[in-house]
Amino acid sequence: MQLADPITQPQFYRDVAAKRFLAWVIDTIIIILVSLLIVPFTAFVAAFFFLGLMAVVGFMYRVITLATGSATWGMRIMAIEIRDPHGAQLDLGQAFLHTAGYTVSWAITPLQLISMVLMATSNRGQGLTDVVLGTAAINRKA
């Protein structure tokens with residue numbers, strides 16, 4: 001088993017880049033809300049480190065959701081999921097590596113820009129982390 005070919009099976013990749021963006025917006029809103037819920041439990045000290053709290057919450061959220069369903073909640077709403085090079089769902093190790101790559105890309109702006117260009121122009125809509133790991137986002141019901 002392997003990833004679907006974008007030439008012979010384009011339905012797997014149709015509109016994936018746009019869906020990934022919308023999923024990212026949904027996931028960001030969820031991460032902000034969860035982070036805001038945590039702040040009072042830290043005697044509001046976390047308010048001074050809110051971006052750091054969001055980074056930790058976001059990392060945990062992404063690893064857990066990718067490891068348990070190969071998609072974040074935003075991706076599930078948008079009917080896409082991340083698949084490994086063999087077409088299988090991500091396991092915990094792959095979810096961790098995918099999230100780590102995503103986090104590094106956000107920390108180093110040129111890498112994120114490269115990732116965005118790749119998603120918009122590649123046949124499979126793969127970001128930089130996807131290219132490195134051989135993963136791809138696909139339509140779930142294709």
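Owing to the predicted nature of the structure, the values given are computational and were not obtained by experimental measurement. These values consider heavy atoms only, across backbone and side chains, with no hydrogens, waters or symmetry-generated copies.
Ile82 and Ala137 get closest at one heavy-atom pair: CD1-CB, 3.8 Å. Across every non-hydrogen atom of Met78 and Lys19, the tightest pair is O-CD, 3.4 Å. Gly74 and Tyr61 get closest at one heavy-atom pair: N-OH, 3.7 Å. Gly101 and Thr129 get closest at one heavy-atom pair: C-OG1, 3.1 Å. Closest of all the heavy-atom pairs between Val117 and Thr121 is O-OG1, 2.7 Å. The two residues Ile32 and Met54 come nearest to each other via the heavy atoms CG1-CE, 3.6 Å.
Of the possible donor and acceptor atoms, one in the side chain of Ser115 sits under 3.5 Å from a partner among the backbone N and O of Leu128. Side-chain atoms of Gln126 come within 3.5 Å of backbone atoms of Thr135 as a donor-acceptor pair (strictly under, hydrogens ignored).
Checking each of Val132, Thr103, Leu133 against His98 for a side chain to side chain contact (heavy atoms under 4.5 Å, CB included) leaves exactly one that passes, namely Leu133.
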Residue pair Ile138, Val16: steps toward the side chain to side chain contact (heavy atoms under 4.5 Å, CB included) verdict: CA-CA 7 Å; Ile138 63 169; Val16 165; 5.6 Å; no
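No donor-acceptor contact under 3.5 angstrom links the side chains of Tyr13 and Asn123, judged on distance only.
Clustering ILVMFWY residues whenever any of their side-chain heavy atoms sit less than 4.5 angstrom apart, transitively, puts Ile29 in the very cluster that holds Val57. Under the 4.5 Å side-chain heavy-atom criterion for ILVMFWY residues, a single connected hydrophobic cluster contains both Ile77 and Val25. Hydrophobic clustering (ILVMFWY, side-chain heavy atoms < 4.5 Å, transitive): Val56 and Val39 are in distinct clusters. The hydrophobic clustering, which links ILVMFWY residues whose side-chain heavy atoms are closer than 4.5 Å, places Ile30 and Ile38 together. Linking ILVMFWY residues whenever their side-chain heavy atoms come closer than 4.5 Å, directly or via other members, leaves Val34 and Val45 in distinct clusters.
By the salt bridge (charged side-chain N to carboxylate O under 4.0 Å, His left out) test, Arg20 is found to be paired with Asp130, residues two or more places apart in sequence or in another chain being considered. Shown here are the side-chain hydrogen bond (donor to acceptor under 3.5 Å, both in side chains) partners of Tyr102, two or more places apart in sequence or in another chain: Trp24, Arg62, Trp106. Every residue meeting the side-chain hydrogen bond (donor to acceptor under 3.5 Å, both in side chains) condition with Asp84, not counting sequence neighbours, appears here in chain and number order: Gln94.
Here the straight-line distance linking atom CD of Gln89 with atom OG of Ser70 works out to 5.0 Å at 0.5 Å rounding. Taken from CG in Leu97 to CG in Asp91, the straight-line distance is 9.0 Å, to the nearest 0.5 Å. With rounding to the nearest 0.5 angstrom, the OG1 atom of Thr72 is 12.5 Å from the CD1 atom of Ile64. Atom CE of residue Met60 and atom CD1 of residue Ile31 lie 11.0 Å apart, to the nearest 0.5 angstrom.
Contact annotation: the side chain of Leu33 never approaches that of Leu37 to less than 4.5 Å [non-hydrogen atoms, C-beta and beyond]. Looking at heavy atoms from C-beta onward, Glu81 lies in side-chain contact with Arg140 at the 4.5 angstrom threshold. Contact check for Asn139 versus Gln11: no side-chain heavy atoms found under the 4.5 Å cut-off.
Other residues, nucleotides and ligands place no more than 12 heavy atoms under 6.0 Å from the CZ atom of Phe96. Heavy-atom contacts from other residues, nucleotides or ligands closer than 6.0 Å to CZ of Phe49 number 12 or fewer.
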